Amino acid sequence: MAGSLPGVLKNSILLGQVVPSNLKNALKVQVPYFTFDERLKAYFKKTEDFIAVDPSKESKTGDVVIIQKLEKQTKKDITHHVSQTVFKLGDVKDPISGEYVVGSEYRNRRDKIDELYGATGNFKYDEAPKRGRLEGTRDFTDKPTYRTWHEFEKDDPYGIRN
């Protein structure tokens, strides 16, 4: 696998998104990259999956994380570790101003508009509980998930359509 990786993926620091997996003590991180097709003279997006250890155990499916290559591998499959969680799923921060964004607007701006014109019943991000508070009851992020390749009559809540 290491010999077939493109040059971009050989870097020691990579940015990727956590995808569902059955791994107990590790995360599967999908790292996107682009390859140039000489014949069509265009770049095409491809992805590569890496297995990383999360020492803080705070990252969940959908989070965008920075992974670094391990200096010494203890297991064959685990090649990286999570060094930082950039974005939690749903909490996007503008990299230039450092403010949180909802769609194409800043959250602070929406709050100021609510103060001027009266609250319209918008979602209050500051008062909302952290993601994962319903683990075990309604939230399936702590359950083992898998990708379904066939359609069955009975719908499985842990299967993700591919």
Side-chain angles (χ1 to χ4, degrees), residues 1-110 123 125 130-132 135 139-162:
M1 180 177 150
S4 65
L5 288 178
V8 174
L9 297 179
K10 293 179 183 175
N11 293 338
S12 63
I13 299 173
L14 300 169
L15 180 74
Q17 186 172 21
V18 180
V19 294
S21 69
N22 294 346
L23 303 170
K24 299 257 186 228
N25 298 325
L27 301 171
K28 187 185 274 189
V29 181
Q30 193 172 61
V31 177
Y33 64 97
F34 291 94
T35 57
F36 186 72
D37 188 356
E38 287 290 333
R39 185 169 178 225
L40 297 174
K41 304 286 190 227
Y43 286 94
F44 292 96
K45 183 178 179 181
K46 294 191 177 186
T47 59
E48 186 72 33
D49 291 343
F50 293 96
I51 297 176
V53 177
D54 186 15
S56 63
K57 304 222 184 285
E58 289 185 5
S59 299
K60 296 183 179 247
T61 301
D63 293 348
V64 177
V65 295
I66 294 176
I67 58 173
Q68 289 184 332
K69 193 175 280 188
L70 288 173
E71 292 177 14
K72 184 176 181 184
Q73 278 184 249
T74 55
K75 294 186 178 178
K76 180 184 174 192
D77 295 337
I78 300 174
T79 56
H80 291 75
H81 75 280
V82 176
S83 63
Q84 180 184 354
T85 301
V86 180
F87 300 126
K88 293 281 191 187
L89 180 68
D91 284 340
V92 179
K93 190 186 283 188
D94 181 28
I96 296 171
S97 66
E99 296 181 26
Y100 285 102
V101 180
V102 178
S104 61
E105 294 182 40
Y106 292 112
R107 285 187 193 171
N108 296 342
R109 184 166 183 231
R110 292 181 75 173
F123 185 76
Y125 291 94
K130 289 182 96 175
R131 182 172 159 235
E135 282 183 0
D139 185 13
F140 296 118
T141 57
D142 63 329
K143 301 284 191 258
T145 57
Y146 58 92
R147 293 180 187 238
T148 58
W149 298 96
H150 302 285
E151 291 191 25
F152 297 105
E153 293 176 14
K154 184 180 175 188
D155 191 31
D156 190 7
Y158 305 129
I160 298 170
R161 301 227 178 234
N162 205 10

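The shown structure was predicted, so the numbers you read here are calculated from the model rather than taken from an experiment.
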J.: Tell me whether the count of non-hydrogen atoms from other residues, nucleotides or ligands lying under 6.0 Å of OH in Tyr100 goes above 12.
T.: no

J.: To the nearest 0.5 Å, what is the distance between NZ (Lys69) and OG1 (Thr79)?
T.: 7.5 Å

J.: State the CG-CD1 distance between Leu23 and Ile78, to the nearest 0.5 angstrom.
T.: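 Here the rounded value is 7.5 Å.
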
J.: Mind listing the closest non-hydrogen atom pair of Ile51 and Ala26 along with its distance?
T.: CG2-CB, 3.8 Å

J.: Starting at CG of Leu14, measure out to CD of Gln68 and round the result to the nearest 0.5 Å.
T.: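 It comes to 9.5 Å.
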
J.: Tell me whether the count of non-hydrogen atoms from other residues, nucleotides or ligands lying under 6.0 Å of CD in Glu71 goes above 12.
T.: no

J.: Does Val29 form a side chain to side chain contact (heavy atoms under 4.5 Å, CB included) with His80? I'd like the steps, not just the answer.
T.: CA-CA 9 Å; Val29 181; His80 291 75; over 6 Å; no

J.: Between Ser56 and Asp54, do the side chains contain a donor N or O and an acceptor N or O under 3.5 Å apart?
T.: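 Checked: Asp54/Ser56 side chains pair up, N/O donor to acceptor below 3.5 Å.
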
J.: Working to the nearest 0.5 Å, report the span between CD1 of Ile67 and OG of Ser12.
T.: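 Those atoms lie 10.5 Å apart.
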
J.: Check step by step if side chain to side chain contact (heavy atoms under 4.5 Å, CB included) holds for Ile13 and Ile66.
T.: CA-CA 7 Å; Ile13 299 173; Ile66 294 176; 3.5 Å; yes

J.: Output the distance between atom CZ (Phe36) and atom NZ (Lys41), rounded to the nearest 0.5 Å.
T.: 5.5 Å

J.: Show every donor-acceptor pair shorter than 3.5 Å between a side-chain atom in residues 84-95 and any protein atom, with sequence neighbours excluded, or say none if there are none.
T.:
| unit_1 | atom_1 | unit_2 | atom_2 | d |
| --- | --- | --- | --- | --- |
| Thr85 | OG1 | Ser59 | OG | 3.1 |
| Lys88 | NZ | Glu58 | O | 3.0 |
| Asp91 | OD1 | Arg107 | NH2 | 2.7 |
| Asp94 | OD2 | Ser97 | N | 3.4 |
| Asp94 | OD2 | Ser97 | OG | 2.9 |
| Asp94 | OD2 | Tyr106 | OH | 2.8 |

J.: Does Lys57 have more than 12 heavy atoms from other residues, nucleotides or ligands lying within 6.0 Å of its NZ?
T.: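 Enclosed.
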
J.: Where do Val101 and Gly103 come nearest, in terms of heavy atoms and distance?
T.: CG1-O, 3.2 Å

J.: Excluding sequence neighbours, so at least two apart, what forms side chain to side chain donor-acceptor pair (under 3.5 Å) with Asn11?
T.: none

J.: Any side-chain heavy atom of Val64 within less than 4.5 Å of one from Leu15?
T.: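 Yes, close enough: below the 4.5 Å cut-off.
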
J.: Any donor-acceptor pair under 3.5 Å linking the side chain of Gln17 with the backbone of Gln30?
T.: no

J.: Between Lys28 and Phe50, does the side chain to side chain contact (heavy atoms under 4.5 Å, CB included) criterion hold? Intermediate values first, please.
T.: CA-CA 6 Å; Lys28 187 185 274 189; Phe50 293 96; over 6 Å; no

